Amino acid sequence: MAAEAEVLDELHRLRARVPQLTGALAASVDGLVLAHDTPGVEPEGLAALTAAALGVAVRMTDAAGRGDLRELLLRGDHGYVATYAAGSSAVLTLLAQDRVNVGRLHLEGRRAGSRIGELVDALPRPDVSAASNARAAATRNPTRSVARTANGTKPEPPAQAPPQTQPQTPAKATVRSTMPRRTPRAPTPRATPRTTPNTPTTSES
């Protein structure tokens, strides 16, 4: 990107103004490399260590009541490691020889940090666009959203409509008679009439 190229140009100009510099690196406060001019030094590792050192330094200045961190200076047997605030989201780390003029180092480092901070703050924030996409996705499909609110609680799920029930067919009414049931009686066999054969009547004289 054009802004990153300008950051790299600023690092080159800084090294030209201070010949005792052996490396310069611009990184985000969370340890991501933005631009570097560090021959012989791994930029990713230096950026990660810078972020870790900043975390401790920020807590130290806060505990001591010194306000926001502006710069951090370390000195070893072979030179200096200086870190300067660069805007609101980046830092500038400089590697210098032991014979560097510390006053000149601070002067040029602060100026370069201010310039790099302006360039970095003008870059689009990827986390903002990602958050916007997440909010848009949650709006389109709220039931699958797992985003938490600011107080750490899950948002209330949207109210769901009660399930629709199919109309039931009314049951047929059964009418029961209150009259007692009549027990059918067995048929009575009819008596067969006896027939008497006609017997002639005899009379005695």
Side-chain angles (χ1 to χ4, degrees), residues 1-64 66-138 147-148 150:
M1 297 176 64
E4 294 178 356
E6 293 183 10
V7 172
L8 184 58
D9 291 341
E10 183 64 30
L11 296 182
H12 292 329
R13 290 192 295 268
L14 177 60
R15 290 197 60 187
R17 293 193 300 269
V18 185
Q20 292 79 20
L21 289 180
T22 60
L25 175 139
S28 63
V29 292
D30 53 0
L32 298 179
V33 177
L34 302 177
H36 67 91
D37 182 10
T38 56
V41 178
E42 183 184 0
E44 288 79 10
L46 183 59
L49 291 174
T50 299
L54 280 176
V56 176
V58 167
R59 289 195 296 269
M60 184 179 295
T61 55
D62 184 64
R66 302 297 95 181
D68 296 334
L69 178 68
R70 295 300 180 185
E71 56 197 44
L72 177 65
L73 181 65
L74 302 175
R75 185 182 181 185
D77 292 338
H78 303 290
Y80 295 88
V81 179
T83 300
Y84 303 92
S88 60
S89 60
V91 292
L92 170 65
T93 297
L94 302 179
L95 307 178
Q97 299 173 358
D98 186 56
R99 58 187 179 90
V100 70
N101 186 317
V102 178
R104 178 70 182 278
L105 177 66
H106 285 327
L107 177 64
E108 295 294 343
R110 293 163 186 167
R111 287 179 178 176
S114 177
R115 173 59 179 162
I116 292 173
E118 294 175 358
L119 296 174
V120 173
D121 290 342
L123 293 175
R125 301 287 182 85
D127 54 344
V128 174
S129 59
S132 300
N133 295 336
R135 286 194 297 268
R148 294 181 179 270

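These numbers come from a predicted model, not from an experiment.
Listed here is the closest heavy atom pair of A47 and A27: CB-CB, 3.9 Å. Summarising the geometry of P43 relative to L25, their closest heavy-atom pair is O-CD1, 3.5 Å, with the distance given to 0.1 Å. Summarising the geometry of Y84 relative to L105, their closest heavy-atom pair is OH-O, 3.4 Å, with the distance given to 0.1 Å. In plain terms, the two heavy atoms of L92 and G109 that are nearest each other are CD2-O, 3.7 Å. A26 and V7 make their closest contact through CB-CG1, 3.8 Å (heavy atoms, listed as atom of the first residue, atom of the second, distance). Taking all atoms of both residues into account, the shortest heavy-atom contact from A96 to T22 is N-OG1, 4.1 Å.
Taking CG of L94 as the reference point, atom OG1 of T83 lies at 7.5 Å (rounded to 0.5 Å). Atom-to-atom distance recorded for E71:CD and T61:OG1 is 12.0 Å, nearest 0.5 angstrom. The structure places CZ of R13 at 12.0 Å from CD of E108, a figure rounded to the nearest 0.5 Å. One finds the CD atom of E6 at 11.0 Å from the CD1 atom of I116 (value rounded to the nearest 0.5 Å). Here CG of L34 is found 7.5 Å from OG of S89. Values are rounded to the nearest 0.5 Å. The CD atom of E44 sits 10.0 Å away from atom CG of L32, with the distance rounded to the nearest 0.5 Å.
Here the side chains of D98 and R75 are in contact, with some heavy-atom distance below 4.5 Å. In this structure, the side chains of H106 and L73 come closer than 4.5 Å at one or more pairs of heavy atoms. The shortest distance between side-chain heavy atoms of L72 and V91 does not fall below 4.5 Å. Between R59 and V56 the shortest side-chain heavy-atom distance falls below 4.5 Å. No side-chain heavy atom of V100 sits under 4.5 Å from any side-chain heavy atom of L21.
Each of L95, L74, V102 was compared with Y80 under the side chain to side chain contact (heavy atoms under 4.5 Å, CB included) criterion, and only V102 meets it.
A salt bridge between R17 and E10 is present, with a side-chain N of the basic residue lying under 4.0 Å from a carboxylate O of the acidic one.
Judged by distance alone, with hydrogens and angles left aside, the side-chain atoms of S114 form no donor-acceptor pair with the main-chain N or O of R110 at under 3.5 Å.
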